[in-house]
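Here's the structure, in structure tokens; my notes come after.
The structure presented is a predicted model; accordingly, all values stated were derived computationally and were not measured.
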Amino acid sequence: MYISSGTWSLIGTENAEAVLTEEAMAANFTNEGGINYRYRFLKNYMGMWLFQNIRKNLNKKYSYDEMMHLAMNSDGFEYIDTNAKEFVAPDNMIDAIRAHTGKPDLPLGEVINSVYHSLAKAYASVVFEIEKISGKTVDTVNIVGGGCKDEYLNRLTAQYTGKKVLAGPVEATATGNIISQLIYSNEVDSLEKARELVKISFNTKEIV
């Protein structure tokens, strides 16, 4: 299973065949064409957009790491529907989250911590949904993209999914483009060998 973590989160798995069941359609999954005629069975979900807007509302007073520590040091959190329409383009994300929780005085640290826990919980629900619909069970979730640098979200994802979580590589899209070209130009003779090359070329961290 993978989570491509950026402004939006793409959560899915790779299959040899497209999943075309009514259950998959009703759950809003898609089958995107992948390398070697494989299918990326995935769902688009909210991601770092929430943090980006919170930081903008604070006039970038805090770095993302500082926001992470505000959340980690907070006293609590509220679960929110991270895909709720009021979070798509609010005038003020902090106010929108407080309104969603019904707590207009929710402290800033708890606002941010609510996003963290709610995203991780949402990721877990999609992971379990994919297992149910695709009929396969996985033991590892690989988080790639810029969002994989957020150690707190990685830890919470491991906690909520109960899976082993790997973080990296950060530049996953560019890396995939490169290995596609290597295969096409016969510099690497199989996708499996290309992926082994990625493993030894980039740092991938197991979250503990």
Side-chain angles (χ1 to χ4, degrees), residues 1-53 77-90 93 96-97 99-102 114-148 150 153-154 156-167 169 172-173 175-177 179-180 183 190-192 194-195 198 207:
M1 205 85 71
Y2 64 83
I3 301 174
S4 180
S5 180
T7 301
W8 311 104
S9 299
L10 280 67
I11 310 167
T13 187
E14 185 181 68
N15 296 321
E17 303 286 340
V19 181
L20 302 175
T21 62
E22 289 191 9
E23 188 179 17
M25 181 177 68
N28 204 30
F29 280 91
T30 185
N31 294 276
E32 295 186 354
I35 194 168
N36 278 19
Y37 302 100
R38 301 183 186 198
Y39 294 90
R40 296 189 304 154
F41 182 63
L42 63 89
K43 178 181 284 191
N44 290 316
Y45 227 81
M46 190 69 79
M48 296 298 161
W49 170 255
L50 297 161
F51 296 120
Q52 291 165 0
N53 278 264
F77 62 90
E78 301 287 329
Y79 285 121
I80 61 173
D81 177 4
T82 52
N83 263 13
K85 63 181 180 181
E86 54 262 43
F87 300 141
V88 174
M93 185 66 78
I97 292 170
H100 188 85
T101 65
S114 296
V115 173
Y116 270 106
H117 279 267
S118 299
L119 277 178
K121 184 180 180 184
Y123 291 169
S125 70
V126 178
V127 166
F128 301 145
E129 197 174 28
I130 291 172
E131 288 186 320
K132 179 175 181 289
I133 294 173
S134 69
K136 67 179 183 181
T137 302
V138 300
D139 59 5
T140 303
V141 176
N142 194 167
I143 304 176
V144 301
C148 79
D150 193 313
L153 184 56
N154 292 343
L156 288 173
T157 300
Q159 175 184 316
Y160 278 88
T161 62
K163 310 285 188 185
K164 180 171 75 172
V165 169
L166 301 176
T173 302
T175 303
N177 187 305
I179 66 168
S180 298
I183 294 170
S190 71
L191 178 58
E192 290 70 28
R195 287 178 169 168
V198 171
I207 305 304

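Contact annotation: the side chain of Y2 approaches that of L42 to within less than 4.5 Å [non-hydrogen atoms, C-beta and beyond]. Taking the side chain as every heavy atom from C-beta outward, K164 and D139 never approach each other to under 4.5 Å. At a threshold of 4.5 Å between non-hydrogen side-chain atoms, the residues F51 and L119 count as touching. Put simply, the side chain of I35 reaches to within 4.5 Å of the side chain of I183, judged on heavy atoms. Within the 4.5 Å cutoff, the side chain of I97 has no heavy atoms near those of the E78 side chain. Proximity of M93 to V115: side-chain heavy atoms (C-beta onward) are nowhere separated by under 4.5 Å. K163 is listed as a side-chain neighbour of T137, based on a closest heavy-atom distance under 4.5 Å. Residues V19 and F29 fail the side-chain proximity criterion, which asks for heavy atoms closer than 4.5 Å.
Minimum interatomic distance between H117 and Y160 (heavy atoms only, all atoms of both residues): ND1-OH, 2.8 Å. Residues I130 and S134 approach most closely at O-OG, 2.6 Å, considering heavy atoms. Considering all non-hydrogen atoms of both residues, I3 and S9 come closest at CG2-CB, 4.3 Å. The two residues T82 and S118 come nearest to each other via the heavy atoms CG2-CB, 3.6 Å. Nearest heavy atom pair, residue A84 against residue H100, reads CB-CE1, 3.9 Å. Closest approach of S5 to I143, counting heavy atoms only: CB-CG2, 3.8 Å.
A distance-only check finds no donor-acceptor pair linking the side chain of W8 to the backbone of W49 [under 3.5 Å].
One finds the CZ atom of R40 at 13.0 Å from the CD1 atom of I11 (value rounded to the nearest 0.5 Å). Separating the CD1 atom in I207 from the CD atom in Q159 is a distance of 13.0 Å, to the nearest 0.5 Å. To the nearest 0.5 Å, atoms CD (E86) and CD1 (I80) are separated by 9.0 Å. We find the OG-CG distance between S114 and L50 to be 11.0 Å, quoted to the nearest 0.5 Å. Annotation: the span from E14 atom CD to L191 atom CG amounts to 6.5 Å, rounded to 0.5 Å. Here L156 contributes atom CG and D150 contributes atom CG; the two are 9.0 Å apart, rounded to the nearest 0.5 Å.
Heavy atoms of other residues, nucleotides or ligands lying less than 6.0 angstrom from NZ of K121 number 12 at most.
Ring centers of Y45 and Y123: at least 6.0 Å apart, outside the cut-off.
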* Give the intermediate values and the outcome of side-chain contact (heavy atoms from CB on, under 4.5 Å) for residues V141 and M1. => CA-CA 5 Å; V141 176; M1 205 85 71; 4.1 Å; yes

Can you list, pair by pair, the side-chain donor-acceptor contacts under 3.5 Å of residues 20-28, counting residues two or more places apart and other chains?
| from | atom 1 | to | atom 2 | distance (Å) |
| --- | --- | --- | --- | --- |
| T21 | OG1 | A24 | N | 3.1 |
| E23 | OE2 | K132 | NZ | 2.5 |

